[in-house]
Amino acid sequence: MRLPIADAHQHFWDPRVNYHPWLCDEPPIPFRYGDYRALRRPYLPADYFADAKPNDVVKTVYVETEWDPRDPVGETRYVERLRRDTGFPTVMVAPARLDHDDVADVLEQQAAFPFVRGIRHKPRANGAPDDAAPGGMTDAKWRAGFALLARHRLRFDLQTPWWHLAEAAKLADDFPAMQIILNHTGLPADRSAEGIAGWRRAMATLAARPSVAVKISGLGRPGQPWTVEANRDVVLKTIELFGVDRCMFASNFPVDGLCGTFDAIFSGFRAIVHGFAATDRRKLFHDNAVRIYSME
């Protein structure tokens, strides 16, 4: 029996009418999955649910989509219209540039929408693990903006490569009451023995902080299909490190559609955790996302 799914990470967009620099401007930016021109089209709830069949998606978390940075609240108004017209998404992780001078005002406006549960702002990151320069989570101005999230009871969605997770652990130590949700499994793109060893060490460091949860998603690799064989060890190690109660399966659709169908990905998740207790499988596919993002 297929469990109900609360998809912890998905996107909608319509670049015909809204400005997303990465979807609208030429040339396309460098992207971790390679050529992403297939994403430069409208992707609306009807498209998502067509992709999701035959899976039983009952709730979704919309995560900000690199909307026009001059108008972060415009994206939230767009999502408000989508919810009114279609009933989805269930909740939203909204944009706010934590190091901008207007961050206090933007956070206040975003928090006023009853369906907003958190904020995502990707901190500055280095391109490779051998670059020892500090990342954006160490910037005083960025951290000052991060500190304002608690005022509005907002969660923080963190997308950063695994070699910056020590900085994320320090952030969690300094703000222990803040719910941090790591996106895309810490981005383990390098599956070499050395790359996976570094990813495991970094994930273990972050997992030791009880205020951090993780979305198991974003596991595609350019030019390769999403398979159970390629991703089983990463999924199981993540669950081992964080524990069942802090992990959520997510589609990252339509982006991960560049690497596999929705059903291939979720059938893969089901196969990987087939031997888990039924209550634990329900947590991974549904209950944890509902709890962590207050979708009751």
Side-chain angles (χ1 to χ4, degrees), residues 7-53 55 57 60-72 74-75 78-79 82 88-89 92-95 97 120-128 136 157-164 182-191 195 199 215-227 230-231 234 249-266 268-269:
D7 188 350
H9 196 111
Q10 56 83 208
H11 308 288
F12 301 129
W13 54 58
D14 189 346
R16 299 171 303 182
V17 295
N18 301 312
Y19 178 51
H20 306 255
W22 72 292
L23 293 174
C24 298
D25 293 350
E26 293 290 348
I29 62 173
F31 192 62
R32 62 194 176 93
Y33 287 164
D35 183 2
Y36 67 92
R37 289 183 185 274
L39 300 178
R40 301 183 128 201
R41 59 179 175 86
Y43 192 79
L44 300 172
D47 304 301
Y48 170 85
F49 283 101
D51 284 341
K53 290 179 179 178
N55 296 274
V57 178
T60 76
V61 180
Y62 171 109
V63 179
E64 63 88 19
T65 59
E66 304 286 345
W67 179 279
D68 184 348
R70 299 166 299 182
D71 181 27
E75 182 168 14
Y78 172 67
V79 170
L82 284 177
F88 283 91
M92 177 186 187
V93 175
R97 301 295 177 102
R120 183 171 76 163
H121 176 207
K122 300 172 185 174
R124 187 186 70 256
N126 301 328
D157 263 53
L158 171 63
Q159 182 165 327
T160 195
W162 57 260
W163 49 88
H164 286 290
L182 178 66
N183 289 185
H184 304 331
T185 336
L187 299 172
D190 178 2
R191 301 295 176 88
W199 169 82
K215 299 178 188 181
I216 299 176
S217 58
L219 295 175
R221 290 178 291 166
Q224 300 185 44
W226 201 109
T227 66
N231 293 309
V234 169
F249 288 139
S251 73
N252 191 34
F253 252 59
V255 178
D256 277 20
L258 295 172
C259 306
T261 66
F262 192 108
D263 192 52
I265 292 170
F266 272 86
F269 290 150

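Values below: every heavy atom of this structure, side chains too, minus hydrogens, waters and symmetry copies.
In this pair, Phe262 and Phe253 present their aromatic rings perpendicular. The plane angle is above 60°, beyond the 30 to 60° band. Relative orientation of the Phe266 and Phe269 rings is perpendicular, given thresholds of 30° and 60° on the angle between their planes.
Summarising the geometry, atom CG belonging to Asp190 is positioned 7.5 Å from atom CH2 belonging to Trp162; distances are rounded to the nearest 0.5 Å. Rounding to the nearest 0.5 Å gives a distance of 5.0 Å between CG of Leu187 and CZ of Arg32. Between Trp13 atom CH2 and Glu64 atom CD the span is 11.0 Å, to the nearest 0.5 Å. Separation of atoms OG (Ser217) and CD (Gln10) is listed at 11.5 Å; rounding is to 0.5 Å.
A pairwise comparison of heavy atoms in Val57 and Thr60 identifies CG1-CG2, 3.7 Å as the closest pair.
Partner of Asp157 under the side chain to side chain donor-acceptor pair (under 3.5 Å) criterion, out of His121, Arg120, Lys215: Lys215 alone.
A 4.5 Å side-chain heavy-atom check between His20 and Glu66 finds every atom pair outside the cut-off. Side-chain contact between Leu39 and Leu23: present, with at least one pair of heavy atoms (C-beta onward) separated by less than 4.5 Å.
Remark: the Asn18 side chain and the Asp68 side chain contain no N/O donor-acceptor pair separated by less than 3.5 Å. Between the side chains of Glu75 and Tyr62, at least one donor N or O sits under 3.5 Å from an acceptor N or O.
Taking the six-membered ring for Trp and the full ring otherwise, the centers of Phe88 and Phe49 sit less than 6.0 Å from each other.
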